[in-house]
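Everything numeric here is computed off the predicted structure, so don't read it as measured data.
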Amino acid sequence: MATDRVRVRGLSIHRPIIYGNTASLLTEKETSPSGHTHKWTVAVRSAASGPDSDIVGGADDLGYFIKRVTFKLHDTYPNAARNIDKPPFEVSETGWGEFEVNIKIYFVPEAGEKQITLYHHLKLHPWLEGEGSVPPPLEVATKLGPVHSWQYDEIVFNDPFQSFLNILTAHPPTPLPRTSKKPVPYNTANPASLEASRGGVPEFTQAMEKEEAEKLEAAKKAVFMEQERLRLRLHEREKELDLLKQQLGET
Ligand code: SLL
């Protein structure tokens, strides 16, 4: 076996990504008889934003480990499954409604990994905490500026092939800023901070990275506890079974 097809056991390596969308209202000039009200972009990007960039995330080109991203749009769109085979991994469209986007990420062949699936609810309307799910009136929405709905995530590769590990380590991700002077993304925004998130482009920070690590840790713990519970139950049932067999033997 070629040495580069050897797995590096016990090693985990991850790459931070964000996925989500931005949306803004079409201007009067842009509206067409189709009834579309918004333009939007749904994307998978590196979590860090470029210096002085006014896009959310996207500092790093993810083409070194991602081969293709398929965005499956609502069936009202022609060719609803959009395959994007090189960065930027994004689709821009216009429309009138929100819907669930199914996002499949395919990795380069060196990875030897199956694709992963993510789901994102395409958000067009700004949402105001405590006011239900009703979009705010147009005058208010216009003042709030573009809607940003982004999710931070980490793609984890366990026991990677040596050749793939080499590729990954040759492309270290741009670190996230410790703090952000930019507004926080709506999805993770504290309700009180809506004022702060108005206007400007959100940015992901190390605080959010930490939050994600803590969530993962909590989930791991929960899985472990559940395993323990099931193991104990299995053990009890086995004892019960033994006892029953014994009783059967005695009769
Ligand atoms: C809804 N469940 O009813 C959603 C569906 C579909 C949105 C939203 C594009 C349509 C077109 C479009 O905005 N579809 O191509 O004209 O709200």
Side-chain angles (χ1 to χ4, degrees), residues 4 6-22 41-71 83-91 101 103-120 148-189 200-220:
D4 60 356
V6 169
R7 285 190 180 274
V8 184
R9 302 265 171 215
L11 190 114
S12 285
I13 181 165
H14 76 269
R15 285 293 175 266
I17 60 154
I18 57 165
Y19 59 96
N21 80 281
T22 60
T41 299
V42 60
V44 174
R45 296 178 183 151
S46 74
S49 304
D52 306 318
S53 164
D54 61 357
I55 65 167
V56 185
D60 306 326
D61 179 327
L62 300 182
Y64 68 93
F65 76 101
I66 296 178
K67 184 180 67 173
R68 159 180 287 186
V69 179
T70 301
F71 297 91
N83 295 323
I84 310 298
D85 289 326
K86 56 180 193 310
F89 296 109
E90 59 183 49
V91 170
V101 187
I103 303 171
K104 279 198 164 56
I105 300 181
Y106 297 83
F107 301 106
V108 294
E110 292 90 334
E113 296 275 349
K114 268 180 49 190
Q115 74 273 18
I116 58 167
T117 304
L118 305 169
Y119 298 90
H120 172 69
H148 288 283
S149 177
W150 297 95
Q151 187 65 48
Y152 174 86
D153 209 340
E154 289 171 355
I155 302 184
V156 182
F157 301 104
N158 295 314
D159 305 331
F161 284 118
Q162 182 64 61
S163 57
F164 186 47
L165 182 61
N166 294 346
I167 293 174
L168 291 174
T169 49
H171 297 86
T174 300
L176 294 174
R178 209 184 293 274
T179 54
S180 176
K181 288 192 198 66
K182 298 179 180 177
V184 286
Y186 277 142
N187 253 3
T188 42
V201 177
E203 185 177 45
F204 283 81
T205 63
Q206 286 180 14
M208 292 170 189
E209 198 176 15
K210 194 163 150 265
E211 207 176 277
E212 185 67 18
E214 283 165 2
K215 264 195 263 169
L216 260 173
E217 206 43 51
K220 258 197 247 167

Could you give the distance from CD1 (Ile105) to CG (Leu118), rounded to the nearest 0.5 Å? 4.5 Å

Decide yes or no for Tyr19 and Val101: does some side-chain heavy atom of the first lie under 4.5 Å from some side-chain heavy atom of the second? no

Check the pair Val69, Val91 against side chain to side chain contact (heavy atoms under 4.5 Å, CB included), reporting the backbone distance first and the verdict last. CA-CA 10 Å; Val69 179; Val91 170; over 6 Å; no

Taking every non-hydrogen atom, the tightest pair across Ala59 and Ser46: N-OG, 3.0 Å

Heavy-atom pair of closest approach, residues Ala111 and Phe161: O-CD1, 3.6 Å

Let me confirm one number: the CD-NZ distance from Glu217 to Lys215, rounded to the nearest 0.5 Å. 14.0 Å

Take Leu176 and Thr205, measure what side chain to side chain contact (heavy atoms under 4.5 Å, CB included) needs, and give me the verdict at the end. CA-CA 5 Å; Leu176 294 174; Thr205 63; 5.5 Å; no

His120 versus Asn21, side-chain donor and acceptor atoms under 3.5 Å: yes

Hey, which of Val44, Asp153, Val56 is the one that makes side chain to side chain contact (heavy atoms under 4.5 Å, CB included) with Ile18? Val56

Show your reasoning for whether side chain to side chain contact (heavy atoms under 4.5 Å, CB included) applies to Lys210 and Gln206. CA-CA 6 Å; Lys210 194 163 150 265; Gln206 286 180 14; over 6 Å; no

With a 6.0 Å cut-off on ring centres, are Phe107 and Phe157 close enough? yes

Do Thr22 and Ile55 have side-chain heavy atoms sitting under 4.5 Å apart? no

How close do Pro175 and Ala48 get, heavy atom to heavy atom, and via which atoms? O-CB, 4.0 Å

Can you tell me if Asp60 uses its side chain to pair, donor with acceptor, with the backbone of Thr174 under 3.5 Å? yes

Tell me the closest heavy-atom pair linking Tyr106 and Thr70, and the distance in Å. CE1-OG1, 3.5 Å

Is a donor on one side and an acceptor on the other found under 3.5 Å between the side chain of Arg15 and the backbone of Leu168? yes

So, for Ala47 and Tyr152, which heavy atoms are closest and what is the spacing to 0.1 Å? CB-CE1, 3.7 Å

CD1/Ile17 to CZ/Arg45 distance, rounded to the nearest 0.5 angstrom? 12.0 Å

Closest non-hydrogen contact found for Asn158 with Glu113 is O-OE2, 4.3 Å

With rounding to the nearest 0.5 Å, note down the distance linking CG in Leu11 to CD in Gln162. 9.0 Å

What's the separation between atom CZ in Arg68 and atom CD in Gln115, rounded to the nearest 0.5 Å? 10.5 Å

Heavy atoms, side chains only, cut-off 4.5 Å: are Phe65 and Ile167 in contact? no

For Lys114, salt bridge (charged side-chain N to carboxylate O under 4.0 Å, His left out) partners two or more places apart: none

d(Ile66 CD1, Asp61 CG) to nearest 0.5 Å is 9.5 Å

Do Pro109 and Lys67 have side chains that approach each other closer than 4.5 Å (heavy atoms only, starting at C-beta)? yes

Using atom types as modelled and distance alone, determine if a side-chain donor or acceptor of Ser149 lies under 3.5 Å from a backbone N or O of Gly20. no

